Amino acid sequence: MKMENYEACVGFDLCETPLSTVAQKIMSAMRSGDLMASRNEGERTKTSEVTKKPSVHFSVLAEHEKTQPLETKNPKSLINQTPRGSVELSSQPSITKLSAGQVQNSISSSGLSSYLIPQCDQEASVLQNREHKRKHFLKENIGKEDKDSLNLKRKYITCSNSPEKASKHTALGKETDGTESWQNSEDTRALGKQLCDVRYLGDLAKVQLMDVLKQAAALVVTLMYKDGSTQLSAKQALTCPVKGIVVLLKSHVGSSPLILPAHGGALGKDFTSTDHCIYIHTEQSPFWDPKQEAHSLFVRNILFWTLRCKCPVVCFNAKDFVRTVLQLYGEDGSWKHVAGFVGLDPRVAAWLIDPSDTAPSFEDLVAKHLEKSIIVKPSSTFNDASINIVSQNVCVNLKILYDLTMDLCSKLKAYGLWQLFCTLELPLIPILAVMENHKISIDKEEMERTSALLGAHLKKLEQEAHFVAGEQFLIMSNNQLREILFGKLKLHLLSQRKHLPRTGLQNQLSTSEAMLNSLQDLHPLPKIILEYRQVHKIKSTFIDGLLAYMKKGSISSTWNQTGTVTGRLSAKHPNIQGISKHPIQISRPRNFKGKEEETATISPRTLFVSSEGYTFLAADFSQIELRILAHLSGDPELLKLFQESERDDVFSTLTSQWKDIPIERVTHMDREQTKKVVYSVVYGAGYVASILGRRRPLPRICAQNQQLRAQAERQAVNFVVQGSAADLCKLAMIRIFAAVATSPTLTARLVAQIHDELLFEVEDTQIPEFAALVRRIMESLQQVQTLELQLQVPLKVNLSIGRSWGHLTPLQETLGSA
DNA sequence: CATTAGAGTATGAGG
DNA sequence: TCCTCATACTCT
């Protein structure tokens with residue numbers, strides 16, 4: 001399964017497929033290196049188990065080359081896979097470095113122009129340290145520099161070494177489930193999985209622990225929930241409260257069996273003796289206790305240090321870890337401290353390699369990417385009677401997690417995704433965590449009033465529908481509606497249209513919007529149904545649905561970084577990306593006191609209000625997908641459109657050309673139609689990688705089946721365009737976030753991302769300054785030197801502000817660039 | 001036999 | 001034309 005996925009992912013033989021003109025233009029814009037690379041990889045997959053094993057290609061791994069037989073198969077394809085893809089991190093200024101430079105400039109001088117210029121030689125900034133951290137990690141990881149001698153000198157502690165409370169570390173098990181011990185009865189030393197509960201450490205031991213922590217070569221972290229499960233447990237989906245955090249401190253990073261296969265048997269026994277596993281209890285007891293106070297402070301230090309440390313931190317679902325720490329110990333404003341957190345998240349890595357696998361569990365990933373058979377499966381030994389076995393397994397699993405992550409990192413490099421991973425996806429993790437922690441206020445009373453109003457309106461519509469249908473029926477049931485429209489009234493026979501819409505699988509006559517639209521002159525019922533559905537959608541999803549997710553007058557969405565095949569973000573609970581933009585009109589019941597028969601406009605976004613003293617600022621790329629298409633296709637007309645007629649709306653311009661009418665006379669409807677036409681022309685064919693190297697698997701394209709091939713081609717183009725837009729938007733988030741996090745004065749918060757729109761909450765007084773910053777950064781993404789990205793088309797950014805998300809007014813250009 | 005949970009389908013909001 | 005999520009209905 002996965003093999004085929006991968007093979008398809010590589011692409012298809014473009015020479016054999018006849019392409020549309022748009023596609024050909026896109027193709028010609030692609031560099032020949034890309035095509036060569038995908039061909040080469042296509043061959044590679046056929047030849048052997050290349051995809052099964054980590055095909056590490058960096059020179060730093062040279063000493064282990066013999067053990068990696070795939071290494072030499074096709075070095076060229078690995079190196080040149082994409083022109084900007086597989087660049088060694090250390091040889092290329094990364095985006096965080098750029099940020100570091102930016103930040104320093106913004107602090108030391110007032111000029112914002114420097115945001116464009118990468119500065120690689122700055123020192124001593126937080127972000128710079130992140131960069132160092134990764135470089136350092138890379139070196140360590142590949143074992144080029146043997147630091148063992150250093151590591152051996154390190155002081156370290158274990159639970160049993162702790163002089164004071166040698167036996168107390170078993171208490172965790174007692175407290176939680178009555179089981180006796182966390183100690184593994186078997187050879188704990190060999191497996192190195194003693195779990196040390198930091199609550200029972202004395203002051204001296206605590207100091208020592210911090211020392212070990214600070215000298216650790218790598219940290220592997222996971223949350224532990226109240227039911228004893230961890231982030232690594234398969235069925236962790238339930239929203240169980242967090243009990244504590246388990247950290248594996250690795251003193252050697254070269255001990256991975258991946259790197260040293262000779263020692264790779266049975267969990268690398270030889271190396272684990274100096275690794276430590278600690279348990280950090282974070283659950284607050286309801287009683288006040290000075291001891292707990294001290295513990296709390298200690299824990300806070302450990303955790304925040306973890307978020308800022310220089311060594312690599314590995315965590316499965318790192319976003320949840322960051323958010324949890326912030327929720328527990330992050331007072332207002334401390335989010336800035338975690339903005340630079342770089343946590344290696346194997347789930348994100350795996351998603352980049354196979355984006356169609358959107359929610360794999362830890363176990364899935366191990367099965368998919370690690371060849372080792374000695375895995376202690378969390379669920380295989382998990383049952384209610386032996387929770388302590390789970391805790392024993394935690395440390396083992398953390399080691400496996402580390403190996404898994406290293407393996408995935410190698411694969412990322414081999415596939416040319418490493419740059420994307422480091423510069424785009426990893427910095428996004430703390431940003432999403434911070435966004436989830438931020439609450440958006442909702443006007444609850446207005447919401448409830450609207451709910452009642454819409455409820456009454458729906459009742460009225462239902463009665464009307466029953467009346468004109470001549471019988472009672474379930475108005476939301478498409479089956480019953482179909483029976484009435486086509487069985488009873490036989491409207492399909494009266495219709496002029498030849499091809500009426502049908503449902504996909506059952507091939508029945510559809511009751512969709514398109515169908516009802518075409519029937520609405522024949523009978524009053526379709527129109528009523530259309531209005532009913534519109535109103536019902538608003539009420540159930542955006543009013544009542546939103547109310548259900550509200551906590552203390554506000555909501556915050558859950559953001560999924562790995563939920564889409566195209567690289568976009570997705571949101572849920574609520575899906576803030578899908579909330580109605582355009583208001584709907586409904587007629588009020590006439591006996592509403594005062595005027596009779598007045599119309600009310602309902603717009604869900606209006607109910608999102610900024611908090612006191614703050615204002616929403618929305619920044620959206622205008623027609624970013626079309627601009628990317630123009631860039632990729634190189635179409636002269638399209639390029640001209642964006643390069644010259646910058647002052648006017650592009651779709652209006654197109655419409656006026658199309659219909660040969662002056663631009664002032666283009667109506668909203670005309671413009672919408674043009675928009676549809678334009679985007680439908682777009683989908684023809686293409687190469688499967690975004691401009692930053694993101695890739696997706698596609699159904700195999702066979703010449704026999706034209707339908708499937710066409711579909712795959714459309715998916716391909718959509719992926720390129722949509723994925724590239726997503727990349728740019730993520731870049732914008734990262735840069736703006738970094739700028740704010742390192743600014744001593746700015747307090748703006750990122751509230752949401754609606755694909756090509758970023759929504760911020762800004763202190764009223766900071767609007768001009770912040771608006772200028774946002775505009776500068778977003779427009780600068782036309783060229784990103786670190787990623788060798790240079791769009792031929794300027795990016796246009798629209799800014800608007802307002803206290804309500806539904807009522808935003810454009811920000812004056814003069815203000816934005818002041 | 002009645003009730004309920006889950007899978008599958010259809011629809012429509014966003015971009 | 002693509003890819004998301006939420007909802008409601010229908011059937012098992």
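Since the model is a prediction, treat every value here as computed from it, not as a measurement.
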Answer with yes or no whether the side chains of Asp364(A) and Ser361(A) bring together a donor and an acceptor at under 3.5 Å.
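Yes, side-chain donor-acceptor contact under 3.5 Å.
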
Those residues that, when tested against [X], pass salt bridge (Lys or Arg N to Asp or Glu O under 4.0 Å) (two or more places apart):
X         : answer
Lys488(A) : Glu471(A)
Asp544(A) : Lys539(A)
Glu483(A) : none
Glu531(A) : none

Take the protein atom CG of Asn517(A) and the nucleotide atom C1' of dG12(B), then report the distance between them rounded to whole Å.
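The answer, rounded to whole Å, is 13 Å.
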
Whole angstrom value for the distance that separates P of dG15(B) from CZ of Arg627(A):
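The distance from CZ of Arg627(A) to P of dG15(B) comes to 17 Å, rounded to the nearest Å.
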
Mind checking [X] for me? I need base, sugar-phosphate or nothing, with any heavy atom below 4.0 Å counting as a touch.
X         : result
Ile538(A) : nothing
Glu513(A) : sugar-phosphate
Arg605(A) : sugar-phosphate

Any side-chain N or O of [X] below 4.0 angstrom from OP1/OP2 of [N]?
X         : N       : answer
Thr511(A) : dT11(B) : yes
Ser570(A) : dC5(C)  : yes
Ser510(A) : dT11(B) : yes

To the nearest 0.5 Å, what is the distance between [atom1] ([X]) and [atom2] ([Y])?
X         : Y         : atom1 : atom2 : value
Thr450(A) : Leu607(A) : OG1   : CG    : 5.5 Å
Ile624(A) : Asp756(A) : CD1   : CG    : 7.0 Å
Gln577(A) : Ile754(A) : CD    : CD1   : 7.0 Å

Can you sort out which residues in residues 520-533 of chain A have a heavy atom within less than 4.0 Å of DNA chain C? Ascending by number, please.
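Within this stretch, nothing sits under 4.0 Å of the strand.
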
Output the single nucleotide from dC3(C), dA6(C), dG12(B) whose closest atom is nearest the side chain of Gln715(A).
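The closest nucleotide is dC3(C).
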
Does the side chain of Ile576(A) come within less than 4.5 Å of Ile440(A)'s, by heavy atoms?
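Ile440(A) reaches Ile576(A) side chain to side chain.
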
Strictly under 3.5 Å: I want the nitrogen or oxygen pairs between protein and nucleotides 7-12 of chain C, one per line.
| from | atom 1 | to | atom 2 | distance (Å) |
| --- | --- | --- | --- | --- |
| dT10(C) | OP1 | Ser477(A) | OG | 2.3 |

